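Contents: one structure, followed by commentary.
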Number of protein chains: 2
Amino acid sequence: MQRKIRNMEEFAAISGISRPTVSKYFNDPESVRVSTRKKIEAALEEYDYHPNVFAMNQNRRTTKNIGVVVPNLADPFFSEIGRRVELACIKAGYSPILLSSHGNPDMERDNLNSLKSLKPAGVLLAPFGRLSDKDAVKAFDADIPVVLFDANMHDVGRAFVGTDHFQSVDLMVEYLCRSGEPPCFFEMKNPLNPNANKHRQAYIESMERHGQTPNIYQVSGNGWDFEEIGKAEGDRLLSEGAFKTNTILCSNDRFAIGLLSAAYGLGFNVGHGPECNLRIAGHDDHPFSRFTCPPLTTIAQDYEAIANRSVSTLFALFEKRESPPERQETLFEGRLIMRESA
Amino acid sequence: MQRKIRNMEEFAAISGISRPTVSKYFNDPESVRVSTRKKIEAALEEYDYHPNVFAMNQNRRTTKNIGVVVPNLADPFFSEIGRRVELACIKAGYSPILLSSHGNPDMERDNLNSLKSLKPAGVLLAPFGRLSDKDAVKAFDADIPVVLFDANMHDVGRAFVGTDHFQSVDLMVEYLCRSGEPPCFFEMKNPLNPNANKHRQAYIESMERHGQTPNIYQVSGNGWDFEEIGKAEGDRLLSEGAFKTNTILCSNDRFAIGLLSAAYGLGFNVGHGPECNLRIAGHDDHPFSRFTCPPLTTIAQDYEAIANRSVSTLFALFEKRESPPERQETLFEGRLIMRESA
DNA sequence: ACCTTAACTTTACGCGCGTAAATTTATAAT
DNA sequence: ATTATAAATTTACGCGCGTAAAGTTAAGGT
């Protein structure tokens, strides 16, 4: 590090290349001749120069920024998948900007708005689903390509990548039926998380396919405190003996964690052993589900595949010149994680 | 929304104000006359205009951006405190940029570097502690004011805001001693999380103050999978009967969650009731600690206070003209959360 | 009415870079 | 060696805004 470089002009002079060529290099190092690239990179090693991002992006129609918006980073599910998306973007040479809507659909719109001024090359959005502002997202997508992940919205965004919840829930229902009794379904009346309705519907269809009668328990409660609601309402239903079956499929793992906690407090013996009197299963393979008591039987979504495919799908949209084909939906299969709770 | 405004020039013409004054308004709405402000805001209601952020920030020495860097967003502790910091910044009219170092101290340096080019008004950093690149942070702080939170680093940053771990651990040790037997301490040999060493030291001092002999069990394991390590190693130690006492204080809640899971698997009866044979306590009031089986006795850090004070401390540094006084450290007290596990 | 002062307008320049067009140079193939 | 082509250079302009300086207007007090 000799002396500080003030701007690209100065850096170009030092490296013996013209400024426009240096500019080209920073936009895409592959776009300049090898000998030129070598010269520039040699100069970069010697001097500490970084192009001014603001000046860089001012005249560009689009930047190397990628917006990533998730409903709620406080939910480990989203922090996990957000993390993987972030890393995939970095690996591809882009700058991810991870925004959480903090559980508030209105903030999703705000986030898209503030992203717009950052002229991102594209946006990866895990929407709230039916709670999202569909028109706002569509309008946004008209300017900047949006790929949805985790939760689908009909006809919104250029593509969707997620889990096949009908397959995954069926996997679980099939397993529970085969290894014991058909499950009832435990969920919130007005669930905030995006795929809750899909889970219920998949449960109903799957039960009917197995010749069983669906049996759904919906409890009230607001907000994102799924564990709290699952525990409080689970405690109530369990102590009332309200569940008609001893096998309970929860809408998601966080809800199941609450129910497990309630069951423990009431002295139930949860598991699939002969001495057990309650089976509890969840969905999502929450990071903590392997440490619940007993460890939770659940469905693992393929986070890594979803993250990578979302990113590659988005990048294909603006890296290739190809005219975008019709909106495609990619579904990965869920994996049954058999643990001790069911 | 009549027609699209191209730039500030056009918007100024429409609102009947000169461009420099409009510019002044966007930098600080309070800095222009009330009548002028009214005119501008009336025009804003009618037309859809947002200043180009890149052009805005290009010539500014500093922006309204606030960098927020945490070690690992996948850890609910940091996603929770990160969330509160974010909201506090937004409330104050700034744009927080939340970055996770994904558990990797090298990425902390990368994050600071990429923040530098965004010319933030200040940075809130929850460092790795001794694993952080001290020199890099100090160098950064020379340009841009840094306030540390959660984990302190001696003589780094303009201020520090966190929890008084000596007070909080003492609270726990005192409670455990008073209500049963003195605890042993369970932790990782080479812990990654910032305050682990502080917890151990506080445990030792507190035990000695109570006239007890400290008793520490350190297990090996790498990375951030605290639950996994706590479970595997806890399982080993518990089944070997290695713990000399039946009261175990864990270095943090995630570790305790793993140990609880191991204890459950081995058939221990965890709690403080007469029929119990093991007491387990943690530290941090992890979001899931109230749903463990049994619910975890722990120490609650005052997330809200730490987040708010960090933000207000940082803002005082660049909003007030006052010469910064000497580096100040603010410690909030931990609160004992008595649940059933100990 | 005058004065003071803060707020505003006008004018003008510069920031650091993108980018287009025309020209020159280097590379690789014939 | 000649030629076609790709890459680099030179020149030139513009983006949208910050900001300084000098002059003008408005507000509030005496």
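In what follows, chains carry the letters A, B, and so on, assigned in the order in which the sequence lines appear, proteins first and then strands, with residues in each chain numbered from 1. Bear in mind the structure is a predicted one, so any value in this text is a computation, not a measurement.
Taking atom CD of B/E30 as the reference point, atom P of C/dA7 lies 12 Å away to the nearest angstrom. Straight-line distance from the CG atom of A/N52 to the C1' atom of D/dC17: 13 Å, rounded to whole Å. In this structure, the CG atom of A/N57 is 15 Å from the P atom of D/dC17, given to the nearest Å. As a whole-Å value, the separation of B/M56 CE from D/dC17 C1' is 9 Å. The interatomic distance linking A/N7 (CG) with C/dG16 (P) rounds to 5 Å, in whole Å. For A/Q58 and C/dC15, the CD to P distance is 14 Å, given to the nearest whole Å. Rounded to an integer number of Å, the gap from A/F26 CZ to C/dG18 P is 9 Å. Going from atom CD of A/E9 over to atom P of C/dC17 covers 9 Å, rounded to whole Å.
Summary of the strand contacts: A/R33 and A/S23 both lie near DNA chain C, and taking for each the nucleotide with the nearest heavy atom, the more 5' one is attributed to A/S23. If B/P51 and A/K39 are placed on DNA chain D by their nearest nucleotide, the residue sitting closer to the 5' end is A/K39. DNA chain C is contacted by both B/T36 and B/N59; B/T36 maps to the nucleotide lying nearer its 5′ end (nearest heavy atom per residue).
Taking the charged nitrogens against the carboxylate oxygens, A/R83 and A/E80 do have a contact shorter than 4.0 Å, which makes a salt bridge.
Using a 4.0 Å heavy-atom cutoff across all strands shown, A/Y49 reaches sugar-phosphate atoms only and no base atom.
The two residues A/A121 and A/T62 come nearest to each other via the heavy atoms CA-OG1, 3.2 Å. Shortest non-hydrogen contact noted between A/S15 and A/V22 is OG-CG2, 4.4 Å.
For the side chain to side chain donor-acceptor pair (under 3.5 Å) with B/Y25, the lone residue among B/E41, B/E30, B/K39, B/R37 that qualifies is B/E41.
Between B/T21 and C/dC8, a side-chain N or O to OP1/OP2 separation shorter than 4.0 Å is absent.
Using a 4.5 Å heavy-atom threshold, the side chains of B/D141 and B/V156 count as separate.
At a cut-off of 3.5 angstrom, the base of D/dT19 holds at least one donor-acceptor pair with the side chain of B/R19.
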